[in-house]
Participant: 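Okay, here's the structure, questions in a sec.
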Amino acid sequence: MADANGNAIEANVVETKDGTISVASAFAAHQEVVQDRDHKFLTLAVQEAYKGVDCGDGGPFGAVIVCNDEVVVSCHNMVLTHTDPTAHAEVTAVREACKKLNQIELSDCEIYASCEPCPMCFGAIHLSRLKRLVYGAKAEAAIAIGFDDFIADALRGTAVYQKAHMEIKKADGNGALLAEQVFEKTKAKFSMY
């Protein structure tokens with residue numbers, strides 16, 4: 001017998017007194033091991049969130065990237081220290097893991113985030129091909145202390161987005177054509193994965 005990931009599960013066939021057959025599996029035990037493992041790495045992410053606030057580096061967010069049950073990187077929000085609004089814990093963790101592993105694809109890795117990722121962080125997680133995301137707090141916990149409420153709405157596609165205070169316009173004419181040609185002209189020189 002195998003679980004959804006193809007992992008073998010022990011199964012014991014038990015015949016009951018009334019002649020029916022029952023299969024008792026180790027699936028519950030497997031789930032408990034996964035839950036304990038998730039708790040361990042999520043706890044590290046939460047510790048990073050506290051560390052970042054205590055150091056004055058940024059908001060209360062932490063992230064840990066794991067490969068084969070080993071921590072690759074453990075990071076926290078660095079927005080204030082780096083004077084960089086993109087230096088969220090998850091983005092910082094993806095950047096650092098890619099540098100450490102010398103690769104742009106983290107498909108053998110998992111990420112543990114102390115809070116539900118914002119759209120930018122989710123984009124970084126997706127683009128780096130991380131195979132699994134486990135997060136602790138829902139975005140509402142961050143919203144409750146003053147972080148932008150568009151984070152949850154944008155990620156989930158619910159409610160009304162916070163309106164950006166900028167004009168957004170797609171170029172037209174020669175500007176658009178020039179920008180679109182770069183893809184056609186470079187496709188032979190640049191291959192994806």
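Computation of the quantities below employed the complete heavy-atom set of this structure, encompassing side-chain atoms and omitting hydrogens, waters and symmetry-equivalent molecules.
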Participant: Does Ser128 reach the main-chain N or O of Ile125 with its side chain, forming a donor-acceptor pair under 3.5 Å?
Facilitator: yes

Participant: Is the side chain of Asn77 donor-acceptor paired with the backbone N or O of Gly59 at a distance under 3.5 Å, no angle test?
Facilitator: yes

Participant: Indicate yes or no for a side-chain donor-acceptor contact from Ser114 to the backbone of Val46 under 3.5 Å, with no hydrogens or angles considered.
Facilitator: no

Participant: Would a 4.5 Å heavy-atom cut-off, applied to side chains only, mark Lys100 and Val73 as touching?
Facilitator: yes

Participant: Under 4.0 Å between a Lys/Arg side-chain N and an Asp/Glu carboxylate O for Glu90 and Arg95?
Facilitator: no

Participant: Within a 6.0 Å radius of atom NZ on Lys131, are there more than 12 heavy atoms belonging to other residues, nucleotides or ligands?
Facilitator: yes

Participant: Please answer whether the main-chain N or O of Lys138 pairs with a side-chain N or O of Glu116 as donor and acceptor at a distance below 3.5 Å.
Facilitator: no

Participant: Kindly indicate whether the side chain of Val79, heavy atoms from C-beta on, has any atom under 4.5 Å from the side chain of His82.
Facilitator: no

Participant: Tell me, yes or no, whether the heavy-atom count around Gln181 atom CD, taken from other residues, nucleotides or ligands under 6.0 Å, exceeds 12.
Facilitator: yes

Participant: Are Tyr135 and Leu42 side-chain neighbours, meaning at least one heavy-atom pair lies under 4.5 Å?
Facilitator: no

Participant: I'd like to check Val134 versus Arg132 (side-chain heavy atoms, cut-off strictly below 4.5 Å). Are they in contact?
Facilitator: yes

Participant: Counting only heavy atoms not in Asn174, do more than 12 sit closer than 6.0 Å to its CG atom?
Facilitator: no

Participant: Under the criterion side-chain contact (heavy atoms from CB on, under 4.5 Å), I'd like the reasoning laid out for Ile65 against Val94: C-alpha separation, chi angles, the key distance, then a yes or no.
Facilitator: CA-CA 8 Å; Ile65 293 183; Val94 166; 4.2 Å; yes

Participant: When hydrophobic residues are tied together by side-chain contacts of less than 4.5 Å, even through go-betweens, does Val91 share a cluster with Phe122?
Facilitator: no

Participant: So do the side chains of Leu133 and Pro117 get within less than 4.5 Å of each other, counting heavy atoms only?
Facilitator: yes

Participant: Please check if atom CG in Asn68 has more than 12 non-hydrogen atoms from other residues, nucleotides or ligands closer than 6.0 Å.
Facilitator: no

Participant: Find out whether Val71 and Leu44 are in side-chain contact, i.e. whether some heavy atom of one side chain is under 4.5 Å from a heavy atom of the other.
Facilitator: yes

Participant: Take Thr43 and Gln47 through the test side-chain contact (heavy atoms from CB on, under 4.5 Å) and record every step on the way to the result.
Facilitator: CA-CA 6 Å; Thr43 298; Gln47 289 170 350; 3.8 Å; yes

Participant: Evaluate Arg37 against Glu110 for side-chain contact (heavy atoms from CB on, under 4.5 Å), listing each step before the verdict.
Facilitator: CA-CA 12 Å; Arg37 183 178 169 282; Glu110 303 166 274; 2.4 Å; yes

Participant: Main chain of Ser107, side chain of Glu105: is a donor-acceptor contact present, judged purely on distance under 3.5 Å?
Facilitator: no

Participant: With the 4.5 Å side-chain cut-off for hydrophobic clustering, are Val72 and Leu106 part of the same group?
Facilitator: yes

Participant: Does the ring centre of Phe147 sit less than 6.0 Å away from the ring centre of Phe61?
Facilitator: yes

Participant: So, do Met78 and Asp84 sit near enough that their side-chain heavy atoms are less than 4.5 Å apart?
Facilitator: no

Participant: To the nearest 0.5 angstrom, please state how far the CD atom of Glu180 sits from the CG atom of Leu178.
Facilitator: 10.0 Å

Participant: Consider side chain to side chain donor-acceptor pair (under 3.5 Å). Of Thr92, Asp57, Asp54, which one does His76 pass it with?
Facilitator: Asp57

Participant: Would a 4.5 Å heavy-atom cut-off, applied to side chains only, mark Cys75 and Val64 as touching?
Facilitator: no

